There are 2 protein chains.
Amino acid sequence: MTLKIASWNINSVRARAPIVERLLDEEQPDILCLQETKVMDGIFPGDLFRSRGYVHQLLNGQKMHHGVAILSRVPLADHGKHDWQDNGEARHVGARLPGGLRLENVYIPAGGDVPDREKNPKFGQKLDFVERMTRWSEKLAEPTLIVGDFNIAPLECDVWSHKALLDIVSHTPIEVEALGRLQDAHGWVDLGRRHIPAPERNFTWWSYRAIDWAASDRGRRLDHMWCSPEIAERTRSHRVLESCRGWERPSDHVPLILEIDA
Amino acid sequence: MTLKIASWNINSVRARAPIVERLLDEEQPDILCLQETKVMDGIFPGDLFRSRGYVHQLLNGQKMHHGVAILSRVPLADHGKHDWQDNGEARHVGARLPGGLRLENVYIPAGGDVPDREKNPKFGQKLDFVERMTRWSEKLAEPTLIVGDFNIAPLECDVWSHKALLDIVSHTPIEVEALGRLQDAHGWVDLGRRHIPAPERNFTWWSYRAIDWAASDRGRRLDHMWCSPEIAERTRSHRVLESCRGWERPSDHVPLILEIDA
DNA sequence: GGCCTCAATG
DNA sequence: CATTGAGGCC
């Protein structure tokens, strides 16, 4: 069975109801992983998805910030929610897919503005978060797919200007190195670059603050899909739906879509 | 010349852009008086009206609350803004119409929840406001039209239940008496009841809090158009556009429309 | 129930 | 620039 899996930092699932419906109608993924749902589980708009067949729902939300969810038309087994930093932030939810693969949906902290552990505690929290994920990855022994908003653009070609962003949180060497250690800890395969090889254009995020996001095109690749090395051969296709950035009332991130034999 | 004059408590002119356009397109009034525009003059959406021919604009707005405006396709002379209570609240703007009539656009304070001068200063402020308008009306010597949200429903048939609202701010005897004195001070003719005689249905406001405003129909007549006695004969028609309450993202008030020979 | 501001966060 | 929610007001 080939599964079609989408991942999207939606920047509020409630504010994005019209366009998440459009995505489901146009792409018909089997599974949708969301980040930044920004809503408590009790008032998650589950009917919106249920009415389209996504009756299997794993939620890990909180009041105002963060929040992740997995919505699926195929049965899922709940595989728990990690709180790697034990701070109560809703940044992960996991599932076991039909066929046995594990699916991990993650929202890594943004890290604030100043790339300095001393001056900006949020930057330290981000690095610590990645470190804890690294420890966790080292012990992982099952074939796993990990997707989400990692808030780090690792390669030079993953940002509109490597030079301009060297000191901008999301592309600093210290973050890139931390992400590299995370990747090595399990031998994670970067599917974004397996299917769209560097230096090909592969942005997943454009700031809201640009007057014309498409014209200035100052994008970054912050969203990722990675898999265990032994299942990399089973991935069939991977796409970044850049056009969604131009939809009505868009998220600043666009959806990623993967097809994989499960 | 017959002038078609509309008055509407719009509850934020910015939030109501789509439906104020619809009102202008459907009714084509010569003059539109707005209350509760909730916007400073500097960022009033004047183009929205200008593009439809309402190039004559008298504004009296403030940051968050209150705010009134007169938008006109026929020339207006500015006739000043009263601040009867000298508290800086933007609750009045006046104009002189072609033909010489005066037009006064007023937003009387709502008065808070508790109908008690001691316990609720806002209730006292409302009564004081009406009193000061009364003193002003006594001295009025010109043919005048006064329109707006008076926040008082004077007659028993002006509310969905006289008994249930006797102790509810907007229909208490003390407010109704104060409004009566204001009316007597100039001999103001209540055009709402001249053209739609009591006890005919004549609500202009339905709470947002009702689940189904039309089904429960707990309306009140809070909005009014009054004129000097010597010009009452010149009014041609008067309507309350109840259907606007059912429009998309409505105001809780509906527009009133008057035709008068000016 | 809806509108407004404001302070966070991204 | 765009979200959320708190608090005030109607």
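Not measured: the values here are computed from a predicted model. Numbered from 1 within each chain, the chains take letters A, B, ... in sequence-line order.
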Neighbour count >12 (heavy atoms, 6.0 Å) for atom CD1, A:Ile43: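 Yes, the 6.0 Å shell around CD1 holds more than 12 heavy atoms from other groups.
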Interatomic distance, [X] [atom1] vs [N] [atom2] [rounded to whole Å]:
X	N	atom1	atom2	result
B:Phe123	D:dC9	CZ	C1'	17 Å
B:Gln125	D:dC10	CD	P	8 Å
B:Tyr107	C:dC3	OH	C1'	11 Å
B:Glu36	D:dC10	CD	P	7 Å
B:His65	D:dG7	NE2	P	15 Å
B:Arg249	C:dG1	CZ	C1'	12 Å
A:Arg218	D:dC1	CZ	P	15 Å
A:His253	C:dT9	NE2	P	17 Å

A:Arg14 or A:Ile211, whichever maps to the more 5' nucleotide of DNA chain D: A:Ile211
D:dG8 phosphate, OP1 or OP2, under 4.0 Å from B:Lys38 side-chain N/O: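 Checking D:dG8 against B:Lys38, no side-chain N or O comes under 4.0 Å of OP1 or OP2.
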A:Lys63 side chain near D:dA6 phosphate (N/O to OP1/OP2, under 4.0 Å):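 For D:dA6, OP1/OP2 do have a side-chain N/O of A:Lys63 under 4.0 Å.
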Side-chain donor/acceptor of A:Arg209 to base of C:dG10, under 3.5 Å: yes
Plane angle bin for A:Trp226 and A:Trp188 - parallel if under 30°, tilted between 30 and 60°, otherwise perpendicular: tilted
Whether B:Trp206 and B:Phe203 hold their rings parallel, tilted or perpendicular, with breakpoints at 30° and 60°: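 Perpendicular, since the angle between the ring planes exceeds 60°.
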Please pick, from [options], the nucleotide with the shortest atom-to-atom distance to any side-chain atom of [X].
X	options	value
B:Tyr208	C:dG1, C:dT9, C:dC6	C:dG1
A:Ser12	D:dT4, D:dC9, D:dC10	D:dT4
B:Met64	D:dT3, D:dC1, C:dT5	C:dT5
A:His66	D:dC9, C:dG10, D:dT3	C:dG10

Donor-acceptor pair, side chain of B:Asn105 and main chain of B:Ala69, under 3.5 angstrom: yes
Charged N-O contact under 4.0 Å between B:Lys122 and B:Asp113: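 Not counted as a salt bridge, because no side-chain N and carboxylate O are separated by less than 4.0 Å.
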